[in-house]
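Since the model is a prediction, treat every value here as computed from it, not as a measurement. In listed order, ligands and their atoms are each counted from 1.
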Amino acid sequence: MLSYDFLVIGSGPSGRRAAIQAAKLGYSVLVIEKGRRVGGVSVHTGTIPSKTMRETVLNLTGYRERGFYGRAYRVKKDIAAEDLMARLHKTLDHEVDILEHQFARNSVRTMAGRAVFVDPHTVEVTTEGGEISRVQGEKILIAVGTRPYRPPEIPFDGQHILDSDEIVDLPKLPRSLTVVGAGVIGVEYATIFSALDVAVSLVDAKRSFLDFIDHEIIEDFTHQLRDRGMAMRLGSAVASITMEDGWPTTVLESGRRVRSQMLLYCAGRVGATDALNLPAAGLTADDRGRLHVNPQTLQSEVPHIYAAGDAIGFPSLASTSMEQGRIAACHAFQQPMPPAPEFFPYGIYAVPEISTVGMSEEEVQRRGIPYECGIARFRETSRGHIMGLETGMMKMIFSIRTHRLLGVHIVGEGATELIHIGQAVLNLKGKLEYFIENTFNYPTLAEAYKIAALDAYNRLARGAAPVAPVHQQDKAAE
Ligand SMILES: Cc1cc2nc3c(=O)[nH]c(=O)nc-3n(C[C@H](O)[C@H](O)[C@H](O)COP(=O)(O)OP(=O)(O)OC[C@H]3O[C@@H](n4cnc5c(N)ncnc54)[C@H](O)[C@@H]3O)c2cc1C
């Protein structure tokens, strides 16, 4: 039986980063992947496909230019599913190619097949063709990710009723779409299809959505979606989803019915740990298939077995999964790692995009920190005029006492790139004065940082800020 220093189960962002890190430290590494190609959910059904689809839609529809040329402006008149798929396949091929090259360059071995634990150091791998082999690992990383949650009563058929993995093989562009689930994935796809002029209904049992984002940003975002004609059916749970005369039909508990040509079911994902035979390794998962780990080291209850990525739950991002993979590999092979910074950015690639880092206004209030906000609208920047932007805003939150930056929240063009300026200042414990004293390239959207900081500065000077009672104040966070 072959034996390796490090066995990695799954080749998504956490598995790949961990494998390469361990190989760079000089250890023998085997990555086991059950999919046809390496890359994980991130490359094949999640991050990259959805972001490629978004980019294609924005380009072919001319969406970004409509501020200038009007809402009827289109780059390509009739956009078909094949138009979206063509770019997608090219991008995915390129991603897989790069990853295979990285593995080869770093002498990371790969094995195609489904891994199952035999004991805490041994894994059995079964290929698609049914061949079985066993491998051993001194250290093991579980990086198996998640799969869409598919309740048995919903008649998924891959044509009319799809989950978020199936949408990347979109058979045909629908004229109307119901998206069930207003989480990040549901909201991203709902807005991408809406930008394609598909009539979209967004359904969720909760009255509000994306509650972890600053509420003022979500208000602005919601206003833009309604303005575009998206139907928001929030605050009523789904009673049933059935096919009626070839139409997916959703009946809500409120009695309302939503019919559309296609339905995308995006109500959560479950950890893909059920097929691993965890008890053989001395492990158990929670009811959503997630493993519990020490957040500092990524070790499971069995110290030589690590877990990272979506299989351990929040925040379930490719970006954070990669960092977790690296931390796990470094800890497994006794490499010192600085602790992860307190704040990481969150990007929601909806149309318009949203990005956020640090505390929301609600969080600052909850911690009782006296604060002030500054707001900038992209249409106030010269770059915004050049781009024809009518929407887009940045909100910054500062501590009144120390002037430290506490949070940055952006909705609009370039939000997911712009956020990194705020992230750097935040994690370096920078203050309001940084933005006021420094010069920004002109004309750029990044100027919004200066405008928002000056807005906060002027409010501070006027002394009109809300101050929390002293006993509720979280001084350490300032
Ligand atoms: C639609 C969508 C959009 C997203 N957009 C973003 C985004 O914009 N930004 C962002 O940061 N994140 C995004 N994410 C989240 C991101 O894709 C995940 O956080 C990330 O892929 C998790 O990485 P992972 O390391 O857990 O592995 P995954 O990417 O989940 O891959 C796990 C791999 O393990 C393999 N595997 C599973 N079980 C076994 C087994 N028993 N044996 C062998 N192999 C196995 C699977 O085949 C798979 O290839 C998105 C997710 C989705 C679904």
Side-chain angles (χ1 to χ4, degrees), residues 7-19 30-55 95-96 99 110-117 123-128 135 140-149 162-168 179 181 183-190 192 264-266 268-278 281 285 289-291 293 298 306-326 328 344-350 353-355 415-416:
L7 282 188
V8 177
I9 309 174
S11 65
S14 60
R16 123 199 214 175
R17 188 56 77 87
L30 176 71
V31 175
I32 306 163
E33 171 54 59
K34 74 172 170 58
R36 292 226 169 90
R37 302 165 86 193
V38 291
V41 166
S42 175
V43 169
H44 297 287
T45 53
T47 314
I48 305 295
S50 57
K51 266 77 268 184
T52 309
M53 196 185 273
R54 177 182 189 274
E55 197 60 28
E95 284 277 324
V96 172
L99 179 52
T110 55
M111 186 183 256
R114 182 182 294 272
V116 175
F117 279 101
V123 161
E124 186 167 273
V125 184
T126 310
T127 65
E128 250 188 10
V135 282
I140 299 181
L141 174 71
I142 298 175
V144 295
T146 53
R147 60 169 183 274
Y149 170 57
L162 301 90
D163 67 31
S164 64
D165 278 4
E166 292 169 325
I167 198 92
V168 300
V179 177
V184 174
I185 297 172
V187 167
E188 284 188 358
Y189 276 123
I192 291 169
L264 174 61
Y265 191 85
C266 291
R269 298 180 65 92
V270 287
T273 52
D274 52 344
L276 284 173
N277 188 23
L278 290 175
R290 275 143 195 177
L291 289 161
V293 292
L298 282 307
Y306 293 74
D310 286 10
I312 63 169
F314 183 83
S316 294
L317 289 170
S319 53
T320 48
S321 298
M322 287 187 236
E323 291 311 306
Q324 291 165 357
R326 202 160 68 90
F344 58 86
Y346 214 109
I348 300 177
Y349 291 81
E353 64 194 62
I354 296 175
S355 200
T416 52

- Message: Applying a heavy-atom cut-off of 4.0 Å, say which part of K51 lies close to ligand 1: side chain, backbone, both or neither.
- Response: side chain

- P148 touching ligand 1 at heavy-atom level, < 4.0 angstrom: no

- Query: Can you check whether T45 has an N/O within less than 3.5 Å of an N/O in ligand 1?
  - Reply: no

- Could you tell me whether ligand 1 has any atom less than 4.0 Å away from a heavy atom of G347? no

- Query: Hey, looking at atom 50 (C) of ligand 1, which of V31, T47, L276 has the closest heavy atom?
  - Reply: T47

- Give a yes or no on whether a salt bridge exists between E353 and R54, defined as a side-chain N under 4.0 angstrom from a carboxylate O. yes

- Is it true that E128 and K34 make a salt bridge, defined as a side-chain N closer than 4.0 Å to a carboxylate O? no

- Within the 4.0 Å heavy-atom cut-off, what H44 brings close to ligand 1 is neither

- Query: Would you say ligand 1 has an N or O under 3.5 Å from any N or O of D310?
  - Reply: yes

- Message: Quick one: does any side-chain atom of T273 pair with a main-chain N or O of G289 as donor and acceptor, under 3.5 Å?
- Response: yes

- Query: Of the listed options (S50, S14, G309), which comes nearest to atom 3 (C) of ligand 1 when hydrogens are ignored and any heavy atom counts?
  - Reply: S50

- Nearest to atom 45 (C) of ligand 1, what protein heavy atom do you find, and at what distance? K34 CG, 3.6 Å

- If you scan protein heavy atoms around atom 33 (C) of ligand 1, the nearest is E33 OE1, 3.6 Å

- Does any N or O atom in Y189 lie less than 3.5 angstrom from one in ligand 1, N or O only? no

- Item | Greater than 12 external heavy atoms within 6.0 Å of R37's CZ | yes

- Query: Do any N/O atoms on Y349 end up under 3.5 angstrom from N/O atoms on ligand 1?
  - Reply: no

- Query: Any donor and acceptor pair, going by atom type alone, linking the side chain of S42 with main-chain N or O of P13 inside 3.5 Å?
  - Reply: no

- Query: ligand 1 and A318, any nitrogen or oxygen pair closer than 3.5 angstrom?
  - Reply: yes

- Query: Does ligand 1 have any atom that is closer than 4.0 Å to a heavy atom of R269?
  - Reply: yes

- Task: Heavy-atom distances under 4.0 Å are what count here, so tell me which part of I9 touches ligand 1: side chain, backbone, both or neither.
- Result: side chain

- Query: In ligand 1, which numbered atoms sit nearer than 4.0 Å to a non-hydrogen atom of I32?
  - Reply: 43 (C), 44 (N)

- A275: heavy atom below 4.0 Å from ligand 1, yes or no? no

- Note on the structure: For G10, the atoms of ligand 1 under 4.0 Å from one of its heavy atoms are 33 (C), 34 (O), 35 (C)

- Check for a donor-acceptor pair, side chain of E33 on one end and backbone N or O of V38 on the other, with a separation under 3.5 Å. no

- Query: Is there at least one pair of N or O atoms, one from V41 and one from ligand 1, spaced under 3.5 Å apart?
  - Reply: yes

- Give the residue and atom name of whichever protein heavy atom lies nearest to atom 41 (N) of ligand 1, and the separation in Å to one decimal. A115 O, 3.1 Å

- Under 4.0 Å to a heavy atom of S321 - the qualifying atoms of ligand 1, by number: 19 (O), 22 (C), 23 (O)

- Message: Give me the nearest non-hydrogen protein atom to atom 27 (O) of ligand 1 as residue plus atom name, then the distance to 0.1 Å.
- Response: G12 CA, 3.6 Å

- Task: Consider every N or O of A311 and every N or O of ligand 1, then say whether any pair is closer than 3.5 Å.
- Result: no

- Query: Could D163 and R269 be called an ion pair, given the rule that one side-chain N must be under 4.0 Å from one carboxylate O?
  - Reply: no

